[in-house]
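This chain uses plain numbering: 1 for the first residue, then up along the sequence. Predicted model only: the values in this text are computed from it and were never measured.
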Amino acid sequence: MTRTIGLIGGMSWESSAEYYRLLNEGVRRRLGGHHCARVILHSLDFAEIEAMQRAGDWAAAGAALAEAARTLERAGADLVLLCTNTMHLVADAIEAAINVPFPHLVDCTADRVTAAGVGTVGLLGTRFTMELPFYRDRMRRHGVEVIVPVEPDRALVDAVIYDELTVGRIEESSRAAYRRIIAGLAERGAQGVILGCTEISLLVGAEDSPVPVFDSTRIHVEAALDLALEDSAAAGSVERAAPAG
């Protein structure tokens with residue numbers, strides 16, 4: 001039996017829908033047939049969280065997300081995912097609130113980056129993700145250096161996320177701008193680029209970059225599936241190995 005995955009979502013709902021889709025596609029790919037993911041979703045009102053972000057009230061945001069995580073655990077979640085890069089700034093508050101595994105998105109992404117032999121990455125995300133130290137410092141613990149776009153490109157990346165992607169708008173002009181910014185990061189020494197906002201993969205992907213792309217959303221989902229399905233995978237191996245009766 002697969003473990004139940006709790007999702008703290010709604011930041012934005014577009015990216016939460018992507019998590020749900022990828023989790024279910026991943027279970028079907030791994031287990032086949034009509035299998036799908038066991039998921040509990042706690043979807044927050046992004047307007048409330050975004051106001052806390054703008055005010056710099058990370059304590060209130062952390063408390064809100066910690067309560068969401070507790071709710072998921074009480075509802076039966078066997079592990080909890082936070083479906084947003086930026087709000088991993090308050091990951092410590094969430095981890096302290098629950099007793100089930102909390103795969104940290106930055107750790108999962110760093111593991112994939114180092115496995116690819118990449119030591120320096122460009123990072124695209126919200127202004128908070130690009131400029132505050134929480135993401136960069138955690139990547140450095142894994143031996144990965146992070147570079148971010150120059151101004152005014154950081155402002156452009158952030159504006160596209162909040163003004164377009166989180167409200168369901170996909171603009172070709174923004175895709176072209178992101179391609180230019182990614183190319184600039186590569187020219188400055190980035191050996192790969194992290195899509196460090198869950199909505200960015202709705203706009204650009206590997207085909208838009210001259211260097212390897214690390215989609216944090218997909219990486220996070222795959223790490224969660226490894227945890228959720230580890231017993232199922234082991235059982236399948238035993239079943240396949242058993243001799244015919």
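Contact check on E222 versus R30 returns a salt bridge, with a Lys/Arg side-chain nitrogen under 4.0 Å from an Asp/Glu carboxylate oxygen. Here R70 does not pair with E73 in a salt bridge; the nearest charged N to carboxylate O distance is not below 4.0 Å. The residues R21 and E25 are annotated as salt-bridged, a charged nitrogen and a carboxylate oxygen being separated by less than 4.0 angstrom. Look at D215 and R112 and you find no salt bridge, because none of the NZ, NE, NH1 or NH2 atoms lies under 4.0 Å from a carboxylate O.
Here the closest heavy-atom approach between residue L23 and residue A224 is recorded as CD2-CB, 4.5 Å. Across S16 and G9, no two heavy atoms sit closer than the pair OG-CA, 3.3 Å. Contact between S216 and N85 at its shortest, heavy atoms only, is OG-ND2, 3.1 Å. Listed here is the closest heavy atom pair of L185 and G122: CD1-CA, 4.0 Å. The shortest heavy-atom contact between A69 and I94 is CB-CG2, 3.7 Å. Between S209 and V193, the shortest heavy-atom distance links the atoms OG-CG2, 4.4 Å.
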**OP:** Go through T2 and L31 one step at a time and tell me if the side chain to side chain contact (heavy atoms under 4.5 Å, CB included) criterion holds.
**Re:** CA-CA 10 Å; T2 63; L31 299 183; 3.8 Å; yes

**OP:** Check step by step if side-chain hydrogen bond (donor to acceptor under 3.5 Å, both in side chains) holds for E199 and S12.
**Re:** CA-CA 8 Å; E199 287 87 5; S12 65; 2.6 Å; yes

Subject >> Test side chain to side chain contact (heavy atoms under 4.5 Å, CB included) applied to L72 and V100, step by step >> reply: CA-CA 10 Å; L72 288 167; V100 295; over 6 Å; no

Subject >> Check against side chain to side chain contact (heavy atoms under 4.5 Å, CB included), R175 and L203 >> reply: CA-CA 6 Å; R175 180 176 285 116; L203 183 67; 3.9 Å; yes

Subject >> Pair V121-I147, side chain to side chain contact (heavy atoms under 4.5 Å, CB included): steps then yes or no >> reply: CA-CA 6 Å; V121 290; I147 58 177; over 6 Å; no

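Annotation: side-chain contact (heavy atoms from CB on, under 4.5 Å) contacts of A183 (sequence neighbours excluded): none. Remark: F134 engages no residue in a ring-ring contact (aromatic ring centres under 6.0 Å, His included) (not counting sequence neighbours). Partners of A63 under the side-chain contact (heavy atoms from CB on, under 4.5 Å) rule, at least two apart in sequence or in another chain, do not exist in this structure. H88 pairs by the ring-ring contact (aromatic ring centres under 6.0 Å, His included) definition with F102, H104, H220, not counting sequence neighbours. W58 pairs by the ring-ring contact (aromatic ring centres under 6.0 Å, His included) definition with F128, not counting sequence neighbours.
Of the possible donor and acceptor atoms, none in the side chain of T86 sits under 3.5 Å from a partner among the backbone N and O of T129. A donor-acceptor pair under 3.5 Å is absent between the side-chain atoms of R38 and the main chain of R3, judged by distance alone. In terms of modelled atom types and a separation under 3.5 Å, the side chain of R28 and the main chain of C36 share no donor-acceptor contact. Of the possible polar contacts, none joining the E145 side chain to the T120 backbone as a donor-acceptor pair under 3.5 Å is found.
Looking only at side-chain heavy atoms (C-beta outward), R136 and L123 stay at 4.5 Å or farther from each other. Counting heavy atoms from C-beta on, the side chains of Q53 and R127 never come closer than 4.5 Å. Two residues are said to be in side-chain contact when any heavy atoms from C-beta on lie closer than 4.5 Å; R218 and S201 fail this criterion. Side-chain contact between M11 and L65 is present, with at least one heavy-atom pair separated by less than 4.5 Å. In this structure, I5 and Y20 have side chains that are not in contact, with every pair of non-hydrogen atoms separated by 4.5 Å or more. Residues M139 and I194 form a side-chain contact, since some pair of their non-hydrogen atoms from C-beta on lies under 4.5 Å apart. Between V213 and I182, every side-chain heavy-atom pair lies at or beyond the 4.5 Å cut-off. Looking only at side-chain heavy atoms (C-beta outward), Y178 and D208 stay at 4.5 Å or farther from each other.
Residue pairs that meet the side-chain hydrogen bond (donor to acceptor under 3.5 Å, both in side chains) test with at least one member in residues 182-198, sequence neighbours left out, are S15-T198.
Checked by atom type, the side-chain pair T217/E18 shows no donor-acceptor distance below 3.5 Å.
The side chain to side chain contact (heavy atoms under 4.5 Å, CB included) test with P101 singles out one residue from D78, V80, L81, L227, and that residue is L227.
Follow the hydrophobic side-chain contacts under 4.5 Å out from F46 and you reach I170 in the same cluster.
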